[in-house]
*Asks:* 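Got a structure for you, written out below as structure tokens; questions coming shortly.
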Amino acid sequence: AVVSTQSTGTTSTDRDGGSDNIYPRLRISGKIGKKNPTAMTGYLFDPRRNNFEKGRQDTFVFQGLTDVGRIKCIEITADGDDKWLFEMIEVHSQDRRHPAYFRNEQEVWLSTDPREGVSTLKLCS
């Protein structure tokens, strides 16, 4: 089955938390019975908006993703040449009543530059 998935990222209120040139994607992992399906989003980017500003929420909708069942984990991969600090990513699937929340409790920065952060981060609920 294919579903619509909505992802909302909350950017940190840290002085340098926002980003002007980062393009994250999510690999969403779930559980359906004994299966562990995954789905990959496109870039979390809206060209009509200034994405990932300090303290703001940005919402992105992706149509036609594989149904992953109960959402268990996300893996965030960054492209671009900036860094981004997010507080939380919330993922909703049209087939599930309750969203999954993934908090960046360790305050890990996303960046393609290893001196600034990590290019991939896995969070599980």
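The model shown is predicted, which means the values in this text are computed figures rather than measured ones.
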*Asks:* Could you tell me the separation between the OG atom of S119 and the CG atom of L110, rounded to the nearest 0.5 Å?
*Replies:*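 It is 8.5 Å, given to the nearest 0.5 Å.
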*Asks:* Which salt bridge (Lys or Arg N to Asp or Glu O under 4.0 Å) pairs, counting each pair once, include a residue from residues 5-19, with sequence neighbours left out?
*Replies:*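 Every pair satisfying salt bridge (Lys or Arg N to Asp or Glu O under 4.0 Å) with a residue in residues 5-19: there are none.
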*Asks:* More than 12 foreign heavy atoms under 6.0 Å from NZ of K122: is that the case here?
*Replies:*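 Open: at most 12 neighbouring heavy atoms sit under 6.0 Å from NZ of K122.
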*Asks:* Could you list the residues that satisfy side chain to side chain donor-acceptor pair (under 3.5 Å) with T11, not counting sequence neighbours?
*Replies:*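 Per chain and number, T11 pairs via side chain to side chain donor-acceptor pair (under 3.5 Å) with W84.
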*Asks:* For T13, enumerate each residue passing the side chain to side chain donor-acceptor pair (under 3.5 Å) test, keeping only those at least two apart in sequence or located in another chain.
*Replies:*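 Listed in chain order: nothing, the list is empty.
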*Asks:* Go through the steps to decide whether V68 and S93 satisfy the test side-chain contact (heavy atoms from CB on, under 4.5 Å), and finish with yes or no.
*Replies:* CA-CA 9 Å; V68 299; S93 174; over 6 Å; no
*Asks:* When rounded to the nearest 0.5 angstrom, what is the spacing between CG in N50 and OG in S19?
*Replies:*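 So the gap between those two atoms works out to 9.5 Å.
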*Asks:* Please list, chain by chain and in numerical order, all residues satisfying side-chain contact (heavy atoms from CB on, under 4.5 Å) with S125, sequence neighbours excluded.
*Replies:*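 Expected list: F102.
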*Asks:* Would you please test L26 and F62 for side-chain contact (heavy atoms from CB on, under 4.5 Å) and show each step?
*Replies:* CA-CA 11 Å; L26 299 179; F62 297 95; over 6 Å; no
*Asks:* Taking T41 as the fixed residue, which of I28, T5, V91 is the one that meets the side chain to side chain contact (heavy atoms under 4.5 Å, CB included) rule?
*Replies:*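 So the option named by the test is I28.
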*Asks:* Which pairs count as disulfide (SG to SG under 2.5 Å) when at least one residue sits in residues 35-74, sequence neighbours excluded?
*Replies:*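 The answer is C73-C124.
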*Asks:* Of all residues at least two apart in sequence or in a different chain, which pass the side-chain contact (heavy atoms from CB on, under 4.5 Å) check with Q57?
*Replies:*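 Partners of Q57 by the side-chain contact (heavy atoms from CB on, under 4.5 Å) criterion, ordered by chain and then number, come out as T8, T10.
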*Asks:* Please name all residues satisfying side chain to side chain donor-acceptor pair (under 3.5 Å) with Y43, sequence neighbours left out, ordered by chain then number.
*Replies:*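 With sequence neighbours excluded, Y43 shows a side chain to side chain donor-acceptor pair (under 3.5 Å) to D79, given in chain and number order.
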*Asks:* Can you tell me how far the CD1 atom of I76 sits from the CG atom of L44, to the nearest 0.5 Å?
*Replies:*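 Atom-to-atom, I76:CD1 and L44:CG are 8.5 Å apart.
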*Asks:* side-chain contact (heavy atoms from CB on, under 4.5 Å) with V108: which residues, sequence neighbours excluded?
*Replies:*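 For V108 the side-chain contact (heavy atoms from CB on, under 4.5 Å) partners, ignoring immediate neighbours, are N104, Q106, V118, L121.
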*Asks:* Which residue pairs satisfy the salt bridge (Lys or Arg N to Asp or Glu O under 4.0 Å) criterion with at least one member in residues 111-120, sequence neighbours excluded?
*Replies:*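 Qualifying pairs, neighbours excluded: D113-R115.
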*Asks:* Are T66 and T38 close enough, and set up right, to give a side-chain contact (heavy atoms from CB on, under 4.5 Å), and what steps lead you there?
*Replies:* CA-CA 7 Å; T66 300; T38 63; over 6 Å; no
*Asks:* Test of understanding: with ring pair (Phe, Tyr, Trp, His ring centres under 6.0 Å), list the residues that count as partners of Y23, not counting sequence neighbours.
*Replies:*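 Checked Y23 against ring pair (Phe, Tyr, Trp, His ring centres under 6.0 Å); matches are F45.
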*Asks:* Among the clusters formed by ILVMFWY side chains lying less than 4.5 Å apart, do F86 and I74 turn up in the same one?
*Replies:*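 As far as the 4.5 Å side-chain criterion goes, I74 and F86 are connected within one cluster.
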*Asks:* Above 12 or not: heavy atoms from other molecules or residues under 6.0 Å from CD of Q6?
*Replies:*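 Above 12, so yes.
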*Asks:* Under the salt bridge (Lys or Arg N to Asp or Glu O under 4.0 Å) definition, can you give me all pairs with a residue in residues 32-60, not counting sequence neighbours?
*Replies:*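 Qualifying pairs, neighbours excluded: D46-R48, R49-D58, R56-D58.
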*Asks:* Could you pull out all residues at least two apart from E75 that satisfy side chain to side chain donor-acceptor pair (under 3.5 Å)?
*Replies:*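 Per chain and number, E75 pairs via side chain to side chain donor-acceptor pair (under 3.5 Å) with no residue.
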